[in-house]
Asker: 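Here's a structure for you.
Computed from a prediction, not measured in an experiment: that's the story for all the values here. The analysis underlying the following values was restricted to heavy atoms, covering all of them including side chains, and did not include hydrogens, waters or symmetry mates.
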Amino acid sequence: MTNVSVVVPVYNAGKRLNKCITSILNQNYREFELILVNDGSTDNSLDICKKYERKDNRIKVINKKNEGSILTRRKGVESAISNYIMFVDADDWIDERTIEILYNEALESKAEVTVCNIYKVIGNSAFIKRENINKYFNGNKIYQEEEIKNHLVTAYFHGHPFPSSLCAKLYRKELLNSSGKYLDRIKFLGDDLFYNIEILLKANRVKVINKPLYFYRHGGFTSKFMPYLFEDMINGYLIQKELINEYFSETKQKQYNGISIMLLNTFKTCLNNLFKNNLGQSQIKELICTYISNPIVLECLDNKGVIKYFPADYLEAIRNKNIDYLYNLGKALYKKSLHRKIFLIVASKLSII
């Protein structure tokens, strides 16, 4: 009997994949299936998946061409036979009690989504780990209907720390199957968030427990150039605006403030991102000029919340097309991110974690 399906999207995970799979197979709760979806890996990830499949009949391996995380997870959900589904990223791992606790909490509270806390770690162990501290994990709580809408969904509009990741959550399968209408408009950034927003707006009960059961590994692929970052930022804003108009008409201005601030914060990430692609100075400045001519970016400049939140020189640089200011800002952010990346690499290799 299989009550829970664990879906792991796999792309060039290499040696990290062993720890992920082993942590799932070593669960106290045994009635689950493990679906490993190989997204066209070019390393030995598929061989690792098949090795485990031969050893354990609970494992199902799906091999497909590279299509990205959205379609990879979707393939896993389509193949799942359980009423409950959880996702684990191939870089990460879970506590041996994770499935047992989340499944029992879901049954006891009749929750359609059950959320646990996480540890953030570096490297291949949890010798040094940091628990995710925020108000949503101060204790165990059940959110219902209007509470979900007004406390959890709106958190995403304002950058509040209710986790947007699909990981560290257990979902009723029918909720996953009936959601996802916004995902075709997103290439990478925010796919978890917009899937979760739709899921939460349909859910009647969400259980949040304060136990950290998921180990999220710092690092990964975010240090690489993201070609669709700016496009995803714009499309994400438009999706959120649609949701606000449909579900939050009474607090529309407040929610607009949140998504406008989030967009212009993400715009800084877009500037940083341009320096990761080996472009020349003139090419970067040309792209910056294109970015700040976008009507959505310009729309956010006039938002009341934005005007209060950001320094005037940043907003004026966008409004007045001060390319040199924005170029130097992006370069400074890139250098800062390089220092962080170097620290993470060194920390991992020295196994100080």
Asker: Do you see a donor-acceptor pair shorter than 3.5 Å between the side chains of Asn63 and Asn38?
Answerer: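 There is such a pair between these side chains.
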Asker: Is the shortest distance from a Lys or Arg side-chain nitrogen in Arg185 or Glu242 to a carboxylate oxygen in the other one below 4.0 Å?
Answerer: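 Salt bridge flag = yes for Glu242 with Arg185.
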Asker: Could you please spell out the steps behind the side chain to side chain contact (heavy atoms under 4.5 Å, CB included) verdict for Val8 and Phe87?
Answerer: CA-CA 6 Å; Val8 179; Phe87 300 97; over 6 Å; no
Asker: Has Glu250 got more than 12 heavy atoms of other residues, nucleotides or ligands less than 6.0 Å from its CD?
Answerer: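 12 or below, so no.
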Asker: Start with the C-alpha distance between Tyr156 and Gln240, add both sets of side-chain angles, then the distance that settles side-chain hydrogen bond (donor to acceptor under 3.5 Å, both in side chains), and finish with yes or no.
Answerer: CA-CA 9 Å; Tyr156 294 146; Gln240 290 179 96; over 6 Å; no
Asker: Can you give the donor-acceptor pairs under 3.5 Å from side chains of residues 277-288 to other protein atoms, not counting sequence neighbours?
Answerer:
unit_1, atom_1, unit_2, atom_2, d
Gln283, OE1, Gly280, N, 2.8
Lys285, NZ, Asp324, OD1, 2.7

Asker: Applying ring-ring contact (aromatic ring centres under 6.0 Å, His included), run through Phe188 and Tyr228 and close with a yes or a no.
Answerer: CA-CA 7 Å; Phe188 173 76; Tyr228 302 107; 9.3 Å; no
Asker: Apply salt bridge (charged side-chain N to carboxylate O under 4.0 Å, His left out) to Glu96 and list each qualifying residue two or more places apart in sequence or on a separate chain.
Answerer: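 By the salt bridge (charged side-chain N to carboxylate O under 4.0 Å, His left out) rule, Glu96 matches no residue at all.
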Asker: Residues in ring pair (Phe, Tyr, Trp, His ring centres under 6.0 Å) with Tyr291, at least two apart?
Answerer: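 Listed in chain order: Phe230.
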Asker: One thing to verify: whether Glu198 and Lys202 come together as a salt bridge, which I'm taking to mean a side-chain N less than 4.0 angstrom from a carboxylate O.
Answerer: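 Looking at Glu198 together with Lys202, the answer is yes, because their closest N to O distance falls below 4.0 Å.
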Asker: Only counting residues at least two apart or in another chain, list the ones meeting side chain to side chain donor-acceptor pair (under 3.5 Å) with Asn322.
Answerer: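 Result, side chain to side chain donor-acceptor pair (under 3.5 Å) vs Asn322: none returned.
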Asker: Could you give the distance from CG (Asn132) to CD1 (Ile118), rounded to the nearest 0.5 Å?
Answerer: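 These two atoms lie 5.0 Å from each other.
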Asker: I'd like to check the ring pair (Phe, Tyr, Trp, His ring centres under 6.0 Å) partners of Tyr314; sequence neighbours left out, ordered by chain and number.
Answerer: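 In terms of ring pair (Phe, Tyr, Trp, His ring centres under 6.0 Å), with neighbours along the sequence ignored, Tyr314 is linked to Phe310.
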Asker: Pick from Thr114, Asn196, Asn177: which one makes a side chain to side chain donor-acceptor pair (under 3.5 Å) with Tyr171?
Answerer: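 Of all the options given, the one that passes is Asn196.
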Asker: Which pairs, with at least one residue in residues 157-170 and sequence neighbours excluded, count as a side chain to side chain donor-acceptor pair (under 3.5 Å)?
Answerer: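 Of all non-adjacent pairs touching residues 157-170, those that pass side chain to side chain donor-acceptor pair (under 3.5 Å) are His158-Gln255.
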Asker: What pairs with Lys15 under salt bridge (charged side-chain N to carboxylate O under 4.0 Å, His left out), at least two apart in sequence or on another chain?
Answerer: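 By the salt bridge (charged side-chain N to carboxylate O under 4.0 Å, His left out) rule, Lys15 matches no residue at all.
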Asker: Sequence neighbours left out, what passes side chain to side chain donor-acceptor pair (under 3.5 Å) with Asp302? Give chain and number order.
Answerer: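 Only Arg319 meet the side chain to side chain donor-acceptor pair (under 3.5 Å) criterion with Asp302.
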Asker: Going by the rule salt bridge (charged side-chain N to carboxylate O under 4.0 Å, His left out), which residues pair with Asp191 if we only count those two or more places apart in sequence or in a different chain?
Answerer: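 For Asp191 the salt bridge (charged side-chain N to carboxylate O under 4.0 Å, His left out) partners, ignoring immediate neighbours, are Arg73.
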Asker: Would you mind checking if Glu147 and Lys141 are paired as a salt bridge, meaning a charged N to carboxylate O distance below 4.0 Å?
Answerer: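 Yes, Lys141 and Glu147 are salt-bridged.
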Asker: Mind checking the CH2-CG spacing from Trp93 to Leu17? Nearest 0.5 Å is all I need.
Answerer: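 Rounded to the nearest 0.5 Å, the CH2-CG separation comes to 13.5 Å.
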Asker: After noting the C-alpha distance and the side-chain angles of Tyr216 and Asp89, does the key distance pass the side-chain hydrogen bond (donor to acceptor under 3.5 Å, both in side chains) rule?
Answerer: CA-CA 9 Å; Tyr216 167 76; Asp89 283 347; over 6 Å; no
Asker: Quick test of your reading of the model: are Arg58 and Glu33 salt-bridged, counting only N-O distances below 4.0 Å?
Answerer: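 A salt bridge is absent here (no side-chain N lies under 4.0 Å from a carboxylate O).
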Asker: Looking at Lys304, I'd like to know if its NZ atom is crowded, meaning that more than 12 non-hydrogen atoms belonging to other residues, nucleotides or ligands lie closer than 6.0 Å.
Answerer: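 No.
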Asker: Evaluate the ring planes of Tyr334 and Phe275, with Trp represented by its six-membered ring, and classify them as parallel (under 30°), tilted (30 to 60°) or perpendicular (over 60°).
Answerer: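 Answer is parallel, since the angle falls under 30°.
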Asker: Go through the side-chain N and O atoms of Asn12 and Ser45 and say whether any donor and acceptor fall under 3.5 Å apart.
Answerer: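 No - no donor-acceptor pair under 3.5 Å links their side chains.
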Asker: CG of Asn18 to SG of Cys49: how many Å apart, nearest 0.5 Å?
Answerer: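 Taking CG in Asn18 and SG in Cys49, the distance rounds to 9.5 Å.
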Asker: Could you give me the CA-CA distance, side-chain angles and deciding distance for Asn104 and Glu108, then say whether side chain to side chain contact (heavy atoms under 4.5 Å, CB included) is met?
Answerer: CA-CA 6 Å; Asn104 288 339; Glu108 183 179 332; 5.8 Å; no
Asker: Measuring only between side-chain heavy atoms, which start at C-beta, is Asp92 closer than 4.5 Å to Cys20?
Answerer: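 Not in contact.
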Asker: Centroid-to-centroid, Tyr84 to Tyr103, below 6.0 Å?
Answerer: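 Under 6.0 Å, so yes.
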Asker: With sequence neighbours excluded, what pairs up with Tyr325 under the ring pair (Phe, Tyr, Trp, His ring centres under 6.0 Å) test?
Answerer: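 Testing Tyr325 for ring pair (Phe, Tyr, Trp, His ring centres under 6.0 Å), a comparison that skips the adjacent residues, returns none.
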Asker: For Glu112, enumerate each residue passing the salt bridge (charged side-chain N to carboxylate O under 4.0 Å, His left out) test, keeping only those at least two apart in sequence or located in another chain.
Answerer: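 Residues passing salt bridge (charged side-chain N to carboxylate O under 4.0 Å, His left out) with Glu112: none at all.
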Asker: If you measure from CG on Leu71 to CG on Asn66, what distance do you get to the nearest 0.5 Å?
Answerer: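 Reported to 0.5 Å precision, the distance equals 10.0 Å.
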Asker: Using a strict 4.0 Å threshold on nitrogen-to-oxygen distance, state whether Arg217 and Asp91 make a salt bridge.
Answerer: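 Judged by the 4.0 Å cut-off on N to carboxylate O distance, Arg217 and Asp91 do not form a salt bridge.
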Asker: Do Arg97 and Leu213 have side-chain heavy atoms sitting under 4.5 Å apart?
Answerer: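 Side-chain contact under 4.5 Å: yes.
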Asker: So does Lys149 have more than 12 non-hydrogen atoms from other groups sitting under 6.0 Å from NZ?
Answerer: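 Yes, the 6.0 Å shell around NZ holds more than 12 heavy atoms from other groups.
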Asker: Please check if any side-chain donor atom of Tyr136 sits under 3.5 Å from a side-chain acceptor atom of Asn210, or the reverse.
Answerer: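 No donor-acceptor contact under 3.5 Å links the two side chains.
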Asker: Using a 4.5 Å cut-off on heavy atoms from C-beta on, say whether the side chain of Gln144 contacts that of Ile148.
Answerer: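 No, every pair of side-chain atoms sits at 4.5 Å or beyond.
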Asker: Please list, chain by chain and in numerical order, all residues satisfying ring pair (Phe, Tyr, Trp, His ring centres under 6.0 Å) with Phe248, sequence neighbours excluded.
Answerer: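 Result, ring pair (Phe, Tyr, Trp, His ring centres under 6.0 Å) vs Phe248: Phe157.
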Asker: Going by an N to O cut-off under 4.0 Å, is there a salt bridge joining Lys60 and Glu53?
Answerer: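 Looking at Lys60 and Glu53, the cut-off is not met.
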